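Notes follow once the structure below has been shown.
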Amino acid sequence: MNRHFFEQDTVWVAEQLIGCYLVRQTDEGIIRVQITETEAYKGAEDPASHAYRGMTPRSRLMFGEVGRLYIYFIYGKYFCMNVVAHEPGMVGAVLIRGARPVEGMDLIRANRPNQSDKTLLNGPAKLTQGLNITKDMNGYDLLADPNNCMTWLQKERNLTTVKTKRIGISKGTDLLWRFLAVDP
DNA sequence: TGCTCGATAACCT
DNA sequence: GGTTATCGAGCAT
């Protein structure tokens, strides 16, 4: 996983991220998950994107250096996590919508008590809750990882993936920019 | 300065 | 399957 990987078309990166791992380091220990669901959001050409109307204080990271996290607060209670990814001079980020626990199940459960295995990380806000990711990691560079908080791990093989319409949005619903791993 | 609504999830029935 | 909690960004006054 290097900077160049994220400096490519946002939709392509969204698809490629399926099957990759996120390694989260906390005081309590290590959490490792495999990404199973993503969505691509672009710039002026994507009416569902936070960057659609140009740069704002919130969306400015989507215009900036690739590989950084863009985390935003939504519905008064939740956080969603994106990775900035776009071709040079372009705008975009990939929303990480879901993952599968690989290591640190007890830590994930501690972050999300009383949840079944199915509902542990199968949603963007559930994921950030399970990995204990909040606004303070907005702008964090997973490729530099100075504080050893979280980093990427390359997938060892491609998973079978399907492409669908993005969900939970009211505009740009015709684009097939959502990717998810087919359950084995 | 005010108002609307959202890239949602949890908790009901 | 339907409802609600909850608040900030963005845009209109």
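Convention: sequence-line order gives letters A, B, ...; per-chain numbering from 1. Note that the structure is a prediction, hence the values are computed from the model and not measured.
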Using Watson-Crick or G-U wobble geometry with both distances under 3.5 Å, which nucleotide pairs with B:dA7?
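Answer to the pairing question: none, since B:dA7 forms no Watson-Crick or G-U pair.
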Can you figure out which of [options] approaches the side chain of [X] most closely?
X        : options               : answer
A:Thr56  : B:dA9, C:dG10, C:dC11 : C:dG10
A:Arg58  : C:dG10, B:dG6, B:dA9  : C:dG10
A:Ile74  : C:dG10, B:dA9, B:dA7  : B:dA7
A:Arg112 : C:dG10, B:dA10, C:dT6 : B:dA10
A:Met62  : B:dT8, B:dA7, C:dA5   : B:dA7
A:Pro124 : C:dA5, B:dT8, B:dA10  : B:dT8

Spacing of [X] atom [atom1] relative to [N] atom [atom2], expressed in whole Å:
X        : N      : atom1 : atom2 : answer
A:Ile96  : B:dA7  : CD1   : C1'   : 13 Å
A:Tyr72  : B:dC5  : OH    : P     : 18 Å
A:Gln115 : B:dC11 : CD    : C1'   : 11 Å
A:Tyr75  : C:dT3  : OH    : C1'   : 14 Å
A:Leu95  : B:dA7  : CG    : P     : 10 Å
A:Asn82  : B:dT8  : CG    : C1'   : 14 Å
A:Lys135 : C:dC7  : NZ    : P     : 15 Å

Please step through side-chain hydrogen bond (donor to acceptor under 3.5 Å, both in side chains) for the pair A:Tyr21 and A:Glu103, ending with a clear verdict.
CA-CA 11 Å; A:Tyr21 298 88; A:Glu103 185 185 340; over 6 Å; no
Regarding [X], tell me which of base, sugar-phosphate or nothing describes its non-hydrogen contacts under 4.0 Å with the strands shown.
X        : answer
A:Phe73  : sugar-phosphate
A:Ala48  : base
A:Arg166 : nothing

For A:Lys163, is there an ion pair with A:Glu15 - N to carboxylate O distance below 4.0 angstrom?
no
Stacked cation flag A:Arg68 on A:Phe6, 6.0 angstrom / 45 deg:
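Not satisfied by the 6.0 Å and 45° rule.
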Can you tell if the side chain of A:Met105 reaches within under 4.5 Å of the side chain of A:Asp117, non-hydrogen atoms only?
yes
On the 0 to 90° scale, with breaks at 30° and 60°, tag the A:His50-A:Tyr70 ring pair as parallel, tilted or perpendicular.
perpendicular
Does A:His50 make a side-chain donor-acceptor contact with the base of C:dA9, cut-off 3.5 Å?
no
Does the side-chain ring of A:Tyr41 sit on the six-membered ring of the B:dA7 base, less than 5.5 Å centre to centre and under 30° in tilt?
yes
